[in-house]
Protein chains: 2
Amino acid sequence: MSRDLGQDVSESSTAAEGLGQNGPAPLYMQVKQMILGQIRNGNWPPHHRVPSESELVKELGFSRMTINRALRELTVDGHLVRMQGVGTFVAEAKGHSALFEVHNIADEIAARRHRHHAEIIKMERGSATTEQAIALGIREGAPVFHSVIVHYDNDEAIQIEDRYVNPELVPDYLQQDFSRQTPFTYLSQIAPLTEGEHVVEAVLAAPWEQQLLHISATEPCLLIRRRTWSQRRVVTSARLLYPGTRHRLEGHFKQGDS
Amino acid sequence: MSRDLGQDVSESSTAAEGLGQNGPAPLYMQVKQMILGQIRNGNWPPHHRVPSESELVKELGFSRMTINRALRELTVDGHLVRMQGVGTFVAEAKGHSALFEVHNIADEIAARRHRHHAEIIKMERGSATTEQAIALGIREGAPVFHSVIVHYDNDEAIQIEDRYVNPELVPDYLQQDFSRQTPFTYLSQIAPLTEGEHVVEAVLAAPWEQQLLHISATEPCLLIRRRTWSQRRVVTSARLLYPGTRHRLEGHFKQGDS
DNA sequence: GAAAGTGTGTTGTATATACATATATATACG
DNA sequence: CGTATATATATGTATATACAACACACTTTC
């Protein structure tokens with residue numbers, strides 16, 4: 001029963017003429033569609049073990065490199081999780097899933113040919129509240145580092161970076177000079193980030209944040225909460241606040257396979 | 001001068017012990033880093049032609065498949081643009097670059113085990129204003145379809161979908177029943193989307209939008225402007241407005257290569 | 001019983017090869 | 001001059017092969 005993927009993916013049925021008249025989909029795409037189908041119809045629930053590459057080679061009749069490409073792309077898309085030496089598993093479903101790249105705000109501003117500078121507002125050691133402990137995966141009351149930095153684009157305040165850092169993984173955090181190098185850059189060197197999580201919301205700024213950003217009480221802001229992992233441990237949890245009128249989050253996509 | 005990438009990418013220098021002690025980066029990653037370096041330091045500006053795969057094979061000494069993987073991944077990351085038969089070029093710099101997946105709000109609500117229904121507010125033919133003409137890539141005054149739909153999650157208004165559609169590509173748009181099938185689903189069938197663009201902002205809703213969403217005048221909202229292409233032509237331009245307190249945009253990432 | 005070694009299965013990467021497909025350019029022909 | 005037609009170049013995909021890296025179960029050894 002080689003090469004039977006259980007559903008026709010080569011034609012988009014009754015699509016209007018002039019559009020969608022593509023030939024058959026590439027093989028690696030057929031494999032992706034088949035697996036996405038199994039996931040979507042609930043046949044393969046989260047944490048389900050996906051057949052190994054060699055099993056899929058036998059089942060589908062394609063080469064291992066083709067199977068590998070399909071599985072690899074589904075992994076970067078966040079649909080699968082792979083562990084070397086162990087296997088491939090269906091990832092747990094995310095809400096409004098999105099894939100972000102992680103950037104350094106200083107680089108972004110530099111790319112716009114603008115000047116960047118940072119003002120350090122706070123730089124302290126504290127002990128974790130319940131919320132912070134959960135966010136960082138440490139126990140309550142354990143030491144945490146806390147920094148608040150305002151980033152400027154051509155002398156215009158553009159971001160408040162409110163960050164908590166796990167001292168076990170980054171013991172020298174407080175000794176750094178973050179007017180020279182952003183925390184993001186420093187942390188990337190110390191603990192190469194392997195994974196992360198974002199939540200984007202629209203909010204109103206707190207009074208002290210309004211002061212720092214020089215905005216009014218009703219100005220909507222873009223809030224990005226970002227947690228970053230390195231080797232399965234949370235390195236840092238940041239709250240990035242942008243004034244709505246001065247920042248946009250641009251993006252693009254290709255081949256939304258959903 | 002084979003295999004000289006001009007910068008050491010194999011070690012992360014003085015990183016703290018216990019973290020970042022990875023061996024040399026894989027070859028395809030070295031190629032990515034080299035190209036990203038050329039782009040970042042301005043050596044290869046936007047629209048600059050990147051050496052062809054076979055040229056890079058000669059220059060770097062790696063196999064074409066390795067070069068191809070690097071260029072392919074840089075393309076999905078949005079750093080490069082490739083055209084078959086033509087060449088590879090540096091993409092124009094985006095602000096805060098991000099990669100989104102495109103989802104159907106009805107599917108999302110169903111995934112949360114909630115009920116979804118849609119209320120059609122407007123459904124009309126009009127002629128394109130200057131702004132709409134630019135967004136859709138048609139001439140000013142040409143006919144456009146316009147729909148406004150409110151989506152409900154368990155009877156709670158959760159999104160205003162304000163959409164303009166190119167009639168040349170989707171002539172039967174106004175005849176559809178969007179209380180049964182969302183415009184997104186319908187459009188995906190008619191014109192398989194090949195590419196798209198997002199801009200995310202935090203805004204305040206207009207008075208008529210506040211009424212539809214049952215929110216106050218100062219409630220910050222998440223605004224997603226989304227344009228969708230099919231075969232190089234703009235199919236539709238949508239403005240998706242979410243009340244800030246009722247929606248979050250979640251995401252995750254892996255291996256931010258920047 | 002605990003530690004060290006061994007084997008097997010899995011993913012991760014790299015290469016050589018081949019052919020398909022798209023685009024642009026040069027060439028021949030009318 | 002205009003239009004086919006061939007040719008070169010570039011990307012896109014598919015395969016076979018090989019080895020490396022890692023995890024886990026099992027066996028041996030002390």
Side-chain angles (χ1 to χ4, degrees), chain A residues 2-3 5 9-10 21-35 47-76 79-91 194-195 231-232 254-255 257, chain B residues 2-3 5 9-10 21-35 47-76 79-91 194-195 231-232 254-255 257:
Chain A
S2 253
R3 293 178 188 241
L5 301 189
V9 291
S10 58
Q21 29 69 336
N22 317 337
L27 300 185
Y28 75 91
M29 195 65 80
Q30 294 183 35
V31 177
K32 286 180 70 171
Q33 303 283 13
M34 182 276 282
I35 292 173
H47 303 109
H48 173 88
R49 178 179 196 130
V50 174
S52 74
E53 296 190 352
S54 51
E55 284 173 320
L56 288 172
V57 165
K58 278 184 293 191
E59 284 180 30
L60 305 179
F62 305 145
S63 81
R64 190 187 148 217
M65 288 305 293
T66 301
I67 305 288
N68 178 271
R69 175 167 178 183
L71 295 178
R72 180 154 37 85
E73 293 191 359
L74 287 172
T75 300
V76 315
H79 296 287
L80 299 179
V81 173
R82 315 196 75 193
M83 280 182 294
Q84 181 169 144
V86 182
T88 304
F89 306 87
V90 176
T194 55
E195 208 155 341
Q231 332 276 72
R232 295 196 187 77
K254 280 199 173 186
Q255 288 282 53
D257 47 14
Chain B
S2 253
R3 292 178 189 241
L5 301 189
V9 292
S10 58
Q21 28 70 336
N22 317 336
L27 299 185
Y28 76 90
M29 195 64 80
Q30 295 182 35
V31 177
K32 286 179 70 171
Q33 303 283 13
M34 182 276 282
I35 292 172
H47 303 109
H48 173 86
R49 179 179 196 134
V50 174
S52 75
E53 296 189 350
S54 51
E55 285 172 320
L56 288 172
V57 165
K58 278 184 294 192
E59 284 180 30
L60 305 179
F62 306 143
S63 81
R64 191 188 148 217
M65 287 304 293
T66 301
I67 304 288
N68 178 272
R69 175 168 178 183
L71 296 178
R72 179 154 38 84
E73 293 191 0
L74 287 172
T75 300
V76 316
H79 296 286
L80 298 180
V81 173
R82 315 196 74 191
M83 280 182 295
Q84 182 169 150
V86 182
T88 304
F89 306 87
V90 176
T194 55
E195 208 155 342
Q231 331 277 76
R232 294 196 187 76
K254 280 196 173 187
Q255 289 281 53
D257 48 12

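Chain letters run A, B, ... following the sequence lines, proteins first, then strands; residues in each count from 1.
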Expressed as a whole number of angstroms, how long is the span from A:N68:CG to C:dT13:P?
8 Å

Choose from D:dT13, D:dA14, C:dT15 the nucleotide whose nearest atom is closest to any side-chain atom of B:S63.
C:dT15

Nearest to the side chain of B:R64, heavy atoms from C-beta on, is which of D:dA14, D:dA23, D:dG12?
D:dG12

Whole-Å distance between C:dG12 C1' and A:R69 CZ?
16 Å

Output yes when at least one side-chain N/O atom of B:T66 is less than 4.0 Å from OP1 or OP2 of C:dT15, else no.
yes

How long is the line joining CZ of A:F62 and P of D:dT13, in whole Å?
14 Å

To the nearest angstrom, how far is B:R82 atom CZ from C:dT23 atom P?
15 Å

Under 4.0 Å: is that the gap between some side-chain N or O of B:Y28 and OP1 or OP2 of C:dT13?
yes

Roughly how far, to the nearest 0.5 Å, is the CD1 atom of A:I67 from the OG1 atom of A:T88?
11.0 Å

Between the CZ atom in A:R64 and the OG atom in A:S52, the distance rounded to the nearest 0.5 Å is 9.5 Å

Mind calculating the distance between CE (A:M83) and C1' (C:dT11) to the nearest angstrom?
11 Å

With rounding to the nearest 0.5 Å, note down the distance linking NZ in B:K32 to CG in B:L27.
13.5 Å

Using the closest heavy atom to pick a nucleotide of DNA chain C for each, name whichever of A:T88 or B:M65 lands nearer the 5' end.
A:T88

Using five base pairs at each end to define the local axes, how bent is the helix from C:dG1-D:dC30 to C:dG30-D:dC1, to the nearest 10°?
10°

Looking at every non-hydrogen atom in both residues, tell me the closest pair between A:V57 and A:S63 and how far apart they are.
CG2-C, 3.9 Å

Side-chain contact test, heavy atoms from C-beta onward, threshold under 4.5 Å: evaluate it for B:L60 versus B:M34 and give yes or no.
yes

Would you say the side chain of B:V31 lies within less than 4.5 Å of the side chain of B:E73, judging by non-hydrogen atoms?
no

From A:E53 CD over to A:M65 CE, what is the distance, rounded to the nearest 0.5 angstrom?
9.0 Å

In this structure, how many angstroms lie between the P atom of D:dT13 and the CZ atom of B:R72, rounded?
7 Å

DNA chain D: A:P26 or A:V86, which has the more 5' nearest nucleotide?
A:P26

Looking only at C:dT11, D:dT13, D:dG12, the nucleotide nearest the B:Q84 side chain is D:dG12

Roughly how far, to the nearest 0.5 Å, is CG of B:L74 from OH of B:Y28?
11.0 Å

Stretch residues 48-56 of chain A: residues that reach within less than 4.0 Å of DNA chain C through a heavy atom
A:R49, A:S52, A:E53, A:S54

Do the non-hydrogen side-chain atoms of B:R72 and B:T75 ever get within less than 4.5 Å of each other?
no

Can you measure B:I67 atom CD1 to D:dA10 atom P for me and round it to whole angstrom units?
14 Å

Give the minimum heavy-atom separation between B:P51 and B:L56, together with the two atoms involved.
O-CD1, 3.7 Å

Distance, rounded to the nearest Å, where B:Q30 contributes CD and C:dA14 contributes C1'
12 Å

